[in-house]
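Contents: one structure, followed by commentary.
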Amino acid sequence: MTIQTKGIKEYLASHMRDFGLLFALIAIMVFFQIVTGGTLMRPVNITNLFLQNSYIIIMALGMLIVIVSGNIDLSVGSVMGFIGALAAVLIVNYNVPMPVAMMICLITGGLIGAAQGYFVAMWRIPSFIVTLAGMLVFRGLSLWLLQGQSVGPFPREFQLLSTGFVGDIFPAVLGEYLAGVFGTRAFNVLSFSLGVVAAAAVIAMGLKKRNRNARYGTEDEPLSLFWLRNGIIAAAILFLMFKLSTFRGLPNVVVTMGVLILIYAFVTERTVIGRRIYALGGNEKAAKLSGIKTERLTFLAFVNMGVLAALAGLIFAARLNTATPKAGFALELDVIAAVFIGGASMSGGVGKIIGAVVGAFIMGVMNNGMSIMGIGIDYQQVIKGLVLLAAVFFDVYNKSKQA
Amino acid sequence: MTALLEMRAITKEFPGVKALDRVTLEVKAGEIHAICGENGAGKSTLMKVLSGVYPAGSYDGEIHFEGALAEFRDISDSEDRGIIIIHQELALVPQLSIAENIFLGNETATAGVIDWHETNHRTEALLKKVGLRESPGTLVDHIGVGKQQLVEIAKALSKNVKLLILDEPTAALQENDSRKLLDLMLELKAQGVTCIIITHKLGEVRYVADTVTVIRDGMSVSTKDAKVGLSENDIVRDMVGRDMSDRYPERTRRAGEMLMEIADWNVWHPEHRDRQVIHDISMNVRAGEVVGIAGLMGSGRTELAMSVFGKSYGRRISGTAKLHGQPVDVSTVARAIAAGLAYVTEDRKSLGLVLDETIRFNTTLADLGSVSKHGVLDFRAETLVAEKYRAALRTRTPSVFQKVGNLSGGNQQKVVLAKWLHTAPEVLILDEPTRGIDVGAKYEIYTIINDLSAQGKGVIMISSEMPELLGMCDRIYVMNEGSFVGELPAADASQERIMSLIVSE
């Protein structure tokens, strides 16, 4: 069988969303790079960008699954704050050993998710209501747990969770030599090497998939677009990793985040449970009549969300080096916005992990860029709101044009 | 008596289908006129033309009402003239009170402020008229279906109705309530209201109707005086008397050993706790046998099938299911599938398919275990499975990566069939397998069914199209109001026999 390739124009029209999102992110980055006079892409700022958005991205992974399953979770900001508070109380006030405390926190997050999932899945109470209640409950419990005070600071090793960097395993001489070559202050060879490996992997996997599609006669993108898209992605990875390696290398949290993104992308796209979640969100009745245990899946989606919110809570607390009663306030909205900007559908069954991640970066770059420009928080909110609306409008408009 | 309503040579076409073909209906002032016909005969379409749901210009023919040509643009247009339809699915808002419902959209108000005193006063008068003893403030949710029906009629009366149309008003009612409703119709008639009643029940026709018109395949077949010498046989023949013009593929009928037995099956309504939906049903299917379940819409066929298939419908389900003589657990869908059962749903779009996803996605959905290892999907194996069924069922599509939402009805049905064939079932329950499918695709579906029975699978086929059951099945169960009212070998069955089993309560 031959590959069915449409013309570039036709293909772009039917895959507007995927390309639109990627180009939007690039356009936004270029825009802020220019208007901030190059500050956006400075190594220290790139590093900050990852640190600032890691917890949003981690929660967006769970939120994507919740939204694909046809639900929503408004409580994640509160739960994140609550877990940060719990960690602070355990570690700072009660000197609980760090691994034990972290374990307790993650399990608590899972239990919170289980409790909310129970009411959504077994009693069919709309998730909007259950998690709205959860949002209030855990906001209150954070206040109670911290007695309205900030608790900190954390021990050094806990902070590393967020602010630590992966050390270079290559000889220091090599790093110094390369720093000289590139004319930078430092050079972390490991980070850059990983970047090269990742970029190569993206292209290799793309080619492999293309080959497989060719063998089964699946429709695929035109070759020029394939190289354009994968070229941009690979170049972006190399560029970012180069920037990171000329600062302090790869932050621990980026490693955590990267691994989680890979795992969740794999689970949603390649596993039976992932497939079932899409079926559940796409048509719950059909899924049920196909023997899928829809209640259990919904329940698990919330448990997973709880654990990820807990992890985000730990990272956030470690980054601020203190737990405050206000932590996580209104953060659920950023997470949900990221998922919808990333192309997920409110009615469920549609959305991709990579979309949610790019959506989160779009929000993150805008936050960061506008702050550097000194735009007030008032205008920032307005602009972010309009971007969200524009992204979803774009989706709906495209769909109505296709129909 | 003069004619209140005359519908002359009404023809209504949908893309590819002629739903009404020169239908003529004449309703005299002050009479009760019954319209009978099978499901899909065109009764509802005719009423939609009359009420302006299909506006003037979208059909051919003329409607004369009160002696003048009427061209209704929409429902409110026809309601203004006094033509009011009460649909089978009641159009009441359950969370509002009786009074609020009656005057919904027609509120007694000045400058947008409702006069509750006047509203309640008028409601009381209307309720008295229809013989409903409830307070105007009672929520519609809190009264039974029978009383809700009366509220609908009161609502119609509030609008100065001249022609009241009731679409199968007693379908959801108990014996008692049905009788009350029919008596009310007679009373309204005495007050000068003209009525049209759409019904399948010949007993009702005899009880209330002055005239009966039979519609079949979009044509008005006969209009008879219901008061003198109405013969049930005549009406039944008029209702079903069509040639077996549809063709069915030949099959060697060879029923093998007993495959599945269901005994003493009882099911109660999931919400109305006191309503039993399925009464003491026992049935069986042998290997290689195609067994039909005949019955009208709402007779409980789908409810029976879904309650057997993993308790997907109903409460307090009791009875035994056996496969190969051994009791099997069919208490969840997963267990029913594991036991060797498959259920191809009646409504493929809302119950059978994930429309936004591909053919491949839908084909493997009910048995992902076979295309995965340790929970990880093998796309290659999945594609091969999808391709296999695409070829075997001759699904017309550019590729198995096509979204099923873009396929035609017949091809969608093939994808649903593929999904269930992939679970390697022993018994397939097919619920209206050819609904909404064009003739060519129907023949292909029939061929697939015959192939399955040749492989020794048991097929239970639910269908509202009697010729289809007669052409396909070895044996036919006849179902009415939640019970089996007869079992006929195909050789002895005829449309007339089935219909008379259904209509003679």
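Convention: sequence-line order gives letters A, B, ...; per-chain numbering from 1. These numbers come from a predicted model, not from an experiment.
Neither the backbone nor the side chain of A:Val267 comes within contact range of chain B, judged by heavy atoms closer than 4.5 Å. When heavy atoms are compared at a cutoff of 4.5 Å, B:Leu368 approaches chain A by way of both its backbone and its side chain. Looking at A:Glu269, only its backbone comes within 4.5 Å of chain B, counting heavy atoms on both sides. Only the backbone of B:Lys349 has a heavy atom closer than 4.5 Å to any heavy atom of chain A. Both the backbone and the side chain of A:Tyr278 come within contact range of chain B, with heavy atoms under 4.5 Å apart. Within the 4.5 angstrom heavy-atom criterion, no atom of B:Thr332 approaches chain A. Both the backbone and the side chain of B:Phe361 come within contact range of chain A, judged by heavy atoms closer than 4.5 Å. Using a 4.5 Å cut-off between heavy atoms, B:Glu382 touches chain A through its side chain atoms alone.
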> Under the side-chain contact (heavy atoms from CB on, under 4.5 Å) criterion, do A:Thr271 and B:Leu377 qualify, and how do the steps go?
Replying inline: CA-CA 5 Å; A:Thr271 65; B:Leu377 291 167; 5.7 Å; no
> Run the side-chain contact (heavy atoms from CB on, under 4.5 Å) check on B:Lys419 and A:Ser290 step by step: do they pass?
Replying inline: CA-CA 9 Å; B:Lys419 174 171 92 172; A:Ser290 300; 2.8 Å; yes
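Of all heavy-atom pairs spanning A:Ala279 and B:Leu365, the tightest one is CB-CD1, 3.6 Å. Between A:Phe266 and B:Val376, the closest heavy-atom pair is CZ-CG1, 3.7 Å.
The choice from B:Val400, B:Thr423, B:Leu353 that makes the most heavy-atom pairs within less than 4.5 Å of chain A is B:Leu353. When the candidates A:Ala286, A:Gly349, A:Ala287 are compared by the number of heavy-atom contacts under 4.5 Å with chain B, A:Ala286 comes out ahead.
Tested against A:Asn283, the residues B:Leu355, B:Asp356, B:Val354 include a single side chain to side chain contact (heavy atoms under 4.5 Å, CB included) partner, B:Val354.
The local environment of CZ in A:Phe119 is sparse, with at most 12 non-hydrogen atoms from other residues, nucleotides or ligands closer than 6.0 Å. Remark: A:Ile261 CD1 is packed, more than 12 non-hydrogen atoms of other residues, nucleotides or ligands lying under 6.0 Å away. The 12-atom threshold is exceeded at CE of A:Met122, counting heavy atoms of other residues, nucleotides or ligands nearer than 6.0 Å. Heavy-atom neighbours of B:Arg394 CZ from other residues, nucleotides or ligands within 6.0 Å: at or below the threshold of 12. Annotation for B:Arg275: atom CZ counts as buried by contact number, over 12 foreign heavy atoms lying within 6.0 Å.
Residue B:Tyr313 holds its OH atom at 14.0 Å from CG of A:Leu289, rounded to the nearest 0.5 Å.
A 4.5 Å side-chain heavy-atom check between B:Val333 and A:Lys293 finds every atom pair outside the cut-off.
Side-chain atoms of B:Ser350 and A:Lys285 include no donor-acceptor pair closer than 3.5 Å.
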